[in-house]
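These figures come from a predicted structure and were not determined experimentally.
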Amino acid sequence: MLKHLFVAVLLTLVTACGSTPDWDYDTSVEFANYKTFAWSEHADIKNHGSDYQINDLMEKRIRKAIVDNLAAQGIKFVEAKNADVLVNYHASVDQKLESDTMQTTYSARWNYWGWGYQTQTTTREYDVGTLVVDIVDAKSNQLVWRGAKEGRLRKKQTPEQRTEAINKTIAEILKNFPPKPQY
């Protein structure tokens with residue numbers, strides 16, 4: 001029982017660590033100058049993946065979440081010709097394997113008495129999605145900020161659950177845009 005609890009806690013910690021967003025940005029850029037954005041001509045998740053969950057419905061959810069998050073920071077959506085930055089995003093889905101090994105002890109067997117160990121390993125295949133959001137300076141056409149988040153994909157979700165998951169993911173990715181000054 002204690003081993004099962006330990007494995008469950010360990011899996012929870014590993015999952016929590018794997019879901020932290022990753023950011024990178026150009027430290028020489030003055031992000032406070034960015035007040036408007038538009039979509040990059042390459043902003044389309046369907047061009048970068050072919051998984052079941054990459055579709056027009058997910059595309060709409062991602063765009064709405066990005067618009068809402070940037071608007072909350074005072075960055076307005078405008079036509080591309082008037083934008084300070086262009087937003088691009090892409091997604092990928094990879095399959096990963098997870099394995100668990102458990103050791104158990106036994107004390108009695110048919111016509112045999114003794115102590116021993118038995119090892120049992122189980123493996124599961126699962127999908128991991130990565131969503132990347134890029135911010136490109138519209139004048140220089142240079143990437144100035146990138147945020148990404150990886151997470152285990154859940155199937156059989158309602159549309160509301162999928163929307164909530166995308167809203168949360170985008171909020172976590174854009175949490176550090178514009179980057180906070182380091183003191």
Side-chain angles (χ1 to χ4, degrees), residues 15-96 126-183:
T15 303
C17 293
S19 64
T20 303
D22 183 37
W23 301 289
D24 193 11
Y25 58 92
D26 185 341
T27 57
S28 67
V29 171
E30 184 59 51
F31 288 92
N33 294 334
Y34 296 142
K35 303 293 182 199
T36 59
F37 80 97
W39 300 118
S40 162
E41 64 183 77
H42 306 292
D44 183 352
I45 62 170
K46 296 182 304 277
N47 289 338
H48 303 281
S50 60
D51 187 78
Y52 164 77
Q53 296 195 39
I54 296 178
N55 57 50
D56 289 334
L57 298 170
M58 197 58 72
E59 182 94 33
K60 289 178 187 177
R61 290 180 183 111
I62 291 170
R63 283 186 177 237
K64 182 173 179 352
I66 291 172
V67 168
D68 291 348
N69 274 270
L70 292 178
Q73 298 179 44
I75 304 171
K76 295 186 330 184
F77 181 71
V78 296
E79 290 184 37
K81 65 182 179 181
N82 300 325
D84 297 325
V85 293
L86 301 174
V87 176
N88 189 20
Y89 54 87
H90 47 96
S92 65
V93 176
D94 299 308
Q95 292 186 333
K96 294 197 177 183
Y126 63 96
D127 291 333
V128 172
T130 304
L131 182 59
V132 178
V133 177
D134 291 333
I135 307 293
V136 176
D137 184 280
K139 289 180 184 164
S140 67
N141 203 29
Q142 297 294 310
L143 178 67
V144 294
W145 185 93
R146 171 174 274 183
K149 185 165 190 258
E150 179 181 277
R152 190 177 214 157
L153 296 180
R154 294 188 178 109
K155 296 186 180 185
K156 299 182 182 176
Q157 289 183 309
T158 66
E160 293 80 12
Q161 289 170 320
R162 291 177 197 270
T163 299
E164 182 181 330
I166 286 296
N167 289 342
K168 180 180 177 189
T169 300
I170 293 294
E172 289 174 0
I173 291 172
L174 292 176
K175 180 180 177 183
N176 193 33
F177 182 80
K180 313 304 181 262
Q182 302 293 324
Y183 297 105

| Passes side chain to side chain contact (heavy atoms under 4.5 Å, CB included), L86 versus E41? Steps please. | CA-CA 9 Å; L86 301 174; E41 64 183 77; over 6 Å; no
| task | If the plane angle is over 60° it's perpendicular, under 30° parallel, otherwise tilted; pick one for W39 and F77. | result | tilted
| field | Q161 to K156 - nearest heavy-atom pair and separation | value | OE1-O, 4.4 Å
| task | Would you mind reporting whether D137 and D26 have side-chain heavy atoms less than 4.5 Å apart? | result | no
| If you measure from CZ on F37 to CD on Q73, what distance do you get to the nearest 0.5 Å? | 10.5 Å
| task | First locate atom CG of D68, then atom CG of N167, and finally report the distance between them rounded to the nearest 0.5 Å. | result | 7.0 Å
| query | Are side-chain heavy atoms of Y25 and I135 found at a separation under 4.5 Å? | reply | no
| With no hydrogens and no angle check, is any side-chain donor or acceptor of T36 less than 3.5 Å from a backbone partner on N82? | yes
| side-chain hydrogen bond (donor to acceptor under 3.5 Å, both in side chains) partners of D24, counting only residues at least two apart | none
| request: Supply the atom-to-atom distance R61 CZ to T163 OG1, rounded to the nearest 0.5 angstrom. | output: 4.0 Å
| query | What heavy-atom pair brings P179 and W145 nearest, and what distance separates the two atoms? | reply | CG-CD1, 3.8 Å
| task | To the nearest 0.5 Å, tell me how far I173 CD1 sits from I62 CD1. | result | 8.5 Å
| message | How long is the straight-line distance from CD1 of I66 back to CZ of R63, given to the nearest 0.5 Å? | response | 8.0 Å
| Which value, rounded to the nearest 0.5 Å, describes the distance between I75 atom CD1 and L174 atom CG? | 8.5 Å
| said: Which heavy atom of A38 sits nearest to which heavy atom of A80, and what is that distance? | reply: CB-CA, 3.4 Å
| Side-chain heavy atoms of I170 within contact of V133, under 4.5 Å | yes
| task | Identify the heavy atoms of F31 and P178 that sit nearest to each other, and give their distance. | result | CB-CB, 3.6 Å
| Checking E172 side chain against P21 main chain: does a donor-acceptor pair fall under 3.5 Å? | no
| task | List for me each residue that meets side-chain hydrogen bond (donor to acceptor under 3.5 Å, both in side chains) alongside T27, sequence neighbours excluded, and say none if there are none. | result | none
| Can you name the closest pair of heavy atoms from D84 and K35 and give their distance? | OD2-N, 2.7 Å
